[in-house]
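I have placed the structure first, in the form of structure tokens, so that the comments after it can refer back to it.
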Protein chains: 2
Amino acid sequence: MIRLLVADDQALVRGAIVTLLGLEPDLDVVAEAGRGDEVLEVLRRHEIDVALLDVEMPGLDGIEVCRAMTAAGVPTRALIVTTFGRPGFVRRALEAGAGGFVVKDTPASELADAVRRVHAGERVVDGALAAESLIEGPNPLTPREQDVLRAALTGAPVSVVAAAVHLSEGTVRNHLSSAMAKTGTATRAEAANHARDRGWL
Amino acid sequence: MIRLLVADDQALVRGAIVTLLGLEPDLDVVAEAGRGDEVLEVLRRHEIDVALLDVEMPGLDGIEVCRAMTAAGVPTRALIVTTFGRPGFVRRALEAGAGGFVVKDTPASELADAVRRVHAGERVVDGALAAESLIEGPNPLTPREQDVLRAALTGAPVSVVAAAVHLSEGTVRNHLSSAMAKTGTATRAEAANHARDRGWL
DNA sequence: ACGTGCCCCTGACAGATGTCATGGTGAGGT
DNA sequence: ACCTCACCATGACATCTGTCAGGGGCACGT
């Protein structure tokens with residue numbers, strides 16, 4: 001009997017996945033979580049074999065949760081389940097110690113199988129996604145460039161971004177300029193979107 | 001026995017919702033669809049009482065599907081099920097003839113109930129969301145402003161936007177300027193995000 | 001007929017933005 | 001010690017943006 005935790009902020013989706021997996025004879029959903037920061041606490045109270053983690057969650061990102069689990073030496077294996085197949089996410093998830101990475105548009109029938117394989121110690125990653133994250137290469141942005149792009153995501157003017165990151169406006173423009181060069185874009189907004197879409201932020 | 005159609009592009013979520021609703025004794029999931037443009041065709045082949053429609057779908061947007069159903073005079077009632085509770089979506093969905101509007105972070109247990117109430121002819125709308133869409137008021141943007149903002153969402157420079165909408169650069173800047181005034185923002189990127197977040201595009 | 005609102009355009013101007021040259025710091029590798 | 005690279009900063013420049021003041025056209029309701 002494989003004991004599961006399901007973490008997803010959308011209650012409807014979470015509930016649906018729970019009932020879906022509950023129908024499998026060898027799977028047992030022991031706990032649920034609606035926020036990333038709840039997961040670690042729940043893991044201490046219950047004995048869990050595999051944790052299904054959504055990436056988009058309030059409190060703590062699914063990948064961060066995964067990293068925290070690895071750091072804490074929890075024996076539970078993590079399976080990332082996400083809406084967006086951003087290439088950068090796969091890389092970060094695996095580096096964070098995830099046992100698998102599944103996109104939400106894979107057939108429902110395959111989910112239980114993925115859970116079993118992750119529990120068995122396999123690394124389960126969507127093939128197309130794995131290939132994409134390989135050709136895409138690693139995140140080319142320096143930490144500061146990421147900070148600046150994150151702050152620029154809203155479309156705020158340089159002055160606001162500079163204040164948010166505690167840098168001079170000139171420095172911000174230099175970072176943006178170099179990020180635009182790396183992403184092959186012409187404006188900070190394009191660069192920010194480009195980076196977000198690849199999971200670089 | 002209420003006959004259902006479930007339309008959602010994410011196979012995992014769709015499958016999960018299908019099994020969830022399938023457990024209810026009075027509900028019967030007759031058909032599924034992964035694209036908006038499949039829905040109308042499926043409705044012709046099957047007799048459906050209530051259609052659960054996701055908003056974010058390839059081919060045809062859930063709200064567009066709803067509008068098409070109303071226009072075609074299909075007897076099926078529509079229940080919009082979406083991730084994002086954008087105020088503008090509620091308004092547009094109801095104007096398109098939707099019987100209900102449910103956000104994906106409502107408890108799973110309430111979904112079946114919402115389906116039954118929509119089938120009974122009630123209008124089911126999340127209370128908080130309804131209030132928000134009322135205080136928010138209707139979409140203040142003119143059609144052209146919406147076009148321009150849509151093209152500006154990527155962060156492309158004015159020259160590209162102008163080419164995309166077949167307008168002069170000056171006109172585009174005027175439309176952007178007026179959109180920024182209406183949204184109370186300072187840059188086109190902020191205005192575009194603001195409008196998107198409210199379902200105005 | 002008239003006003004009103006949306007549409008499209010022009011031209012001009014201040015200010016924001018992106019680029020470039022340049023320089024100094026500190027961490028890490030050879 | 002030296003080089004490299006990320007980092008922070010400055011100042012100057014060409015260009016892009018956002019604003020404002022015009023203009024004309026069209027559809028609408030009064």
Side-chain angles (χ1 to χ4, degrees), chain A residues 88 91-92 95 136-201, chain B residues 88 91-92 95 136-201:
Chain A
R91 183 179 297 267
R92 283 199 296 164
E95 283 169 2
E136 201 64 70
N139 187 342
L141 302 173
T142 68
R144 273 301 189 241
E145 285 162 0
Q146 296 177 38
D147 291 344
V148 171
L149 281 186
R150 237 189 310 274
L153 265 180
T154 58
V158 175
S159 57
V160 175
V161 176
V165 235
H166 306 296
L167 288 178
S168 89
E169 298 197 9
T171 304
V172 167
R173 287 191 300 194
N174 285 339
H175 282 306
L176 286 174
S177 187
S178 117
M180 283 155 54
K182 287 177 181 173
T183 54
T185 52
T187 66
R188 63 199 173 297
E190 276 180 315
N193 288 332
H194 184 99
R196 177 175 31 77
D197 291 349
R198 280 171 179 67
W200 289 346
L201 304 183
Chain B
R91 182 179 297 267
R92 283 199 297 165
E95 283 169 1
E136 200 63 71
N139 187 341
L141 302 173
T142 68
R144 271 304 189 238
E145 285 162 0
Q146 296 176 38
D147 291 344
V148 172
L149 279 185
R150 238 189 310 274
L153 265 180
T154 57
V158 175
S159 57
V160 176
V161 176
V165 220
H166 306 295
L167 288 177
S168 88
E169 298 196 9
T171 305
V172 167
R173 288 196 304 218
N174 285 339
H175 281 307
L176 286 175
S177 188
S178 116
M180 283 155 56
K182 287 176 181 173
T183 53
T185 51
T187 67
R188 61 198 173 296
E190 278 180 313
N193 287 333
H194 184 98
R196 177 173 33 75
D197 291 349
R198 280 171 179 65
W200 290 346
L201 303 183

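Lettering follows sequence order; numbering is per chain, from 1.
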Do [X] and [Y] have side-chain heavy atoms sitting under 4.5 Å apart?
X: A:D147; Y: A:R144; answer: yes
X: B:E145; Y: B:N139; answer: no
X: A:L167; Y: A:H175; answer: yes
X: B:R198; Y: B:T183; answer: no

Inset, instruction - Please evaluate the base of D:dC20 for a donor-acceptor partner in the side chain of B:N174 within a cut-off of under 3.5 Å? - result: yes
Legend entry - Closest listed nucleotide, where the reference is the side chain of A:T142 and the choices are D:dA6, C:dG18, D:dT19: D:dA6
Inset, instruction - Return the nearest nucleotide to the side chain of B:R173; candidates are C:dG18, D:dT19, C:dC7. - result: D:dT19
Distance, rounded to the nearest Å, where [X] contributes [atom1] and [N] contributes [atom2]:
X: B:E145; N: C:dG5; atom1: CD; atom2: P; value: 14 Å
X: B:L176; N: C:dC6; atom1: CG; atom2: P; value: 17 Å
X: A:K182; N: D:dC5; atom1: NZ; atom2: P; value: 11 Å
X: A:M180; N: C:dC20; atom1: CE; atom2: P; value: 10 Å
X: A:E169; N: C:dG18; atom1: CD; atom2: C1'; value: 13 Å

Inset, instruction - Please work out if B:S159 contacts a base, only the sugar-phosphate, or nothing of the nucleic acid, heavy-atom cut-off 4.0 Å. - result: nothing
